[in-house]
Visitor: 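Handing you a structure now.
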Amino acid sequence: MLQIAFHPIYKHPLPERHRFPMLKYELLPKQLLYEGTCTNANFFEPEIPDDSHILRVHTEAYYHDLLNLTLDAKAIRKIGFPLSDALVKREVMIADGTIKASEFALKHGIAMNIAGGTHHAYSNKGEGFCMLNDQAIGARYLQENKLATKILIVDLDVHQGNGTAEIFQNDSSVFTFSMHGKSNYPFKKETSDLDIALETNTTDDTYLTILKETLPKLIASEKPDFIYYLCGVDVMASDKLGKLALTITGCKERDRFVLQTCHDLNIPVMCSMGGGYSPDIKTIIEAHANTFRLAQHIYF
């Protein structure tokens with residue numbers, strides 16, 4: 001059965017006219033239930049994880065400042081959310097959702113988190129709506145518990161996974177692959193193990209050709225025993241924070257190819273949703289829902 005991490009805390013209240021579409025975390029599970037893609041049995045609620053899991057990735061000083069709400073004003077501005085106890089609780093529970101989904105993926109081949117994909121969180125700071133790097137925390141959890149040895153992170157959000165690149169910059173046991181917009185945030189990129197920077201207005205055909213040429217070769221060379229997939233839908237032409245030009249059909253084919261590849265090669269995959277900022281919330285929900293529909297179709 002497909003297992004999906006979700007908790008009502010994921011939809012965190014934000015100031016009016018804030019550009020982050022927090023509403024999607026409430027609407028997406030409702031849509032999946034309404035259309036019959038999922039039932040209540042597919043969802044599990046994350047909890048507060050042990051601090052040790054987070055401290056394998058993030059520095060003690062940074063995590064202390066998060067928990068005690070003592071980050072300075074500049075650091076809070078870079079994150080982009082007003083700092084509060086409820087926000088920090090949300091972040092640690094998203095991380096726990098990814099940890100537990102990683103375990104479910106080992107059992108069922110795939111598992112998902114309605115939220116997550118917080119790839120702009122560095123070991124010692126947050127930025128870009130990201131405070132704790134959920135997939136990095138999940139990767140370290142698997143390795144610490146000897147559940148995986150070589151991990152591949154496939155980051156197909158439109159923005160480079162700069163925090164993930166920094167966290168694993170000197171670690172050959174986690175291969176970081178980011179395929180993103182060349183002229184987009186973050187404007188100072190980090191160095192992933194493999195970065196593919198795409199030109200503005202890259203279309204379906206070009207994007208999918210590059211991905212289909214790259215991913216199988218990468219898996220063959222690195223031989224991962226676990227894959228994290230960050231499937232942001234901000235690659236679409238409609239996205240107000242992206243500069244690529246994929247259609248919703250192209251975005252769906254991207255997900256189909258990644259998930260089918262993982263399935264055919266029998267490599268467990270854990271999916272975090274990442275970004276999506278199209279002006280019409282229905283477009284965001286439909287694009288994210290496609291990922292869950294494909295997971296059910298391919299695996300179950």
Side-chain angles (χ1 to χ4, degrees), residues 4-38 42-43 79-82 87 90 94 112-120 128-130 155-160 179-186 198-208 211 229-259 271-297:
I4 304 165
F6 171 70
H7 192 284
I9 201 172
Y10 283 9
K11 181 181 176 285
H12 181 75
L14 290 175
E16 191 175 352
R17 292 190 294 276
H18 196 286
R19 63 180 179 171
F20 190 87
M22 197 67 77
L23 183 60
K24 73 177 185 178
Y25 299 118
E26 177 182 13
L27 295 181
L28 179 56
K30 286 183 177 179
Q31 175 62 31
L32 296 172
L33 289 168
Y34 172 77
E35 70 188 30
T37 295
C38 298
N42 290 112
F43 295 95
I79 289 169
F81 292 142
L87 179 68
R90 172 187 186 267
I94 287 172
M112 309 174 87
N113 197 338
I114 285 284
T118 44
H119 59 164
H120 300 311
F129 308 138
C130 302
D155 187 340
L156 300 186
D157 191 275
V158 81
H159 306 106
Q160 192 216 29
M179 186 162 141
H180 52 264
K182 179 179 180 180
S183 303
N184 209 332
Y185 176 90
L198 301 168
E199 297 295 336
T200 298
N201 294 324
T202 293
T203 58
D204 290 354
D205 287 347
T206 301
Y207 186 101
L208 293 169
L211 176 63
Y229 178 32
L230 204 172
C231 37
V233 300
D234 43 13
V235 294
M236 293 191 300
S238 59
D239 199 273
K240 60 188 177 182
L241 298 185
K243 296 183 178 181
L244 303 185
L246 271 69
T247 65
I248 195 166
T249 302
C251 188
K252 182 178 181 180
E253 173 58 19
R254 175 203 68 173
D255 289 348
R256 187 206 64 77
F257 178 73
V258 174
L259 298 185
C271 306
S272 293
M273 288 301 102
Y277 309 94
S278 295
D280 187 346
I281 191 72
K282 290 185 289 186
T283 302
I284 300 173
I285 300 305
E286 180 67 11
H288 278 314
N290 277 336
T291 316
F292 292 84
R293 295 166 186 150
L294 287 163
Q296 288 283 33
H297 175 73

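What you see below is based on every heavy atom in this structure, not just the backbone, and it leaves out hydrogens, waters and symmetry mates.
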Visitor: Just by distance, with hydrogens left out, do Ser278 and Thr283 show a side-chain donor and acceptor under 3.5 Å apart?
Guide: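 The answer is no; no qualifying pair exists.
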Visitor: Can you see which heavy atom on Arg254 is nearest to which on Tyr207, and at what distance?
Guide: CD-OH, 3.4 Å
Visitor: Surrounding CG of Asp280 (heavy atoms of other residues, nucleotides or ligands, distance under 6.0 Å), is the total greater than 12?
Guide: yes
Visitor: Could you walk me through whether Leu294 and Lys252 pass the side-chain contact (heavy atoms from CB on, under 4.5 Å) test, one step at a time?
Guide: CA-CA 8 Å; Leu294 287 163; Lys252 182 178 181 180; 3.8 Å; yes
Visitor: Heavy atoms, side chains only, cut-off 4.5 Å: are Pro21 and Ile284 in contact?
Guide: yes
Visitor: Among all residues two or more places apart in sequence or in another chain, which pass the side chain to side chain donor-acceptor pair (under 3.5 Å) test with Tyr185?
Guide: Glu127
Visitor: Give a yes or no on whether His297 atom NE2 has more than 12 heavy-atom contacts from other residues, nucleotides or ligands under 6.0 Å away.
Guide: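 No, not enclosed.
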Visitor: Can you confirm whether the side chains of Thr291 and Asp255 place a donor and an acceptor under 3.5 Å from each other?
Guide: yes
Visitor: Starting from the C-alpha separation in whole Å, work towards a yes-or-no answer on ring pair (Phe, Tyr, Trp, His ring centres under 6.0 Å) for His12 and Tyr25.
Guide: CA-CA 9 Å; His12 181 75; Tyr25 299 118; over 10 Å; no
Visitor: Are the side chains of Lys243 and Val158 in contact, using a 4.5 Å heavy-atom criterion?
Guide: no
Visitor: Charged N to carboxylate O below 4.0 Å: is that the case for Arg293 and Glu35?
Guide: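 Salt bridge present between Arg293 and Glu35.
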Visitor: Parallel, tilted or perpendicular: which describes the rings of Phe129 and Tyr277, with under 30° parallel and over 60° perpendicular?
Guide: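 Correct class here is tilted.
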Visitor: Under the salt bridge (Lys or Arg N to Asp or Glu O under 4.0 Å) criterion, do Lys282 and Glu286 qualify, and how do the steps go?
Guide: CA-CA 6 Å; Lys282 290 185 289 186; Glu286 180 67 11; over 6 Å; no
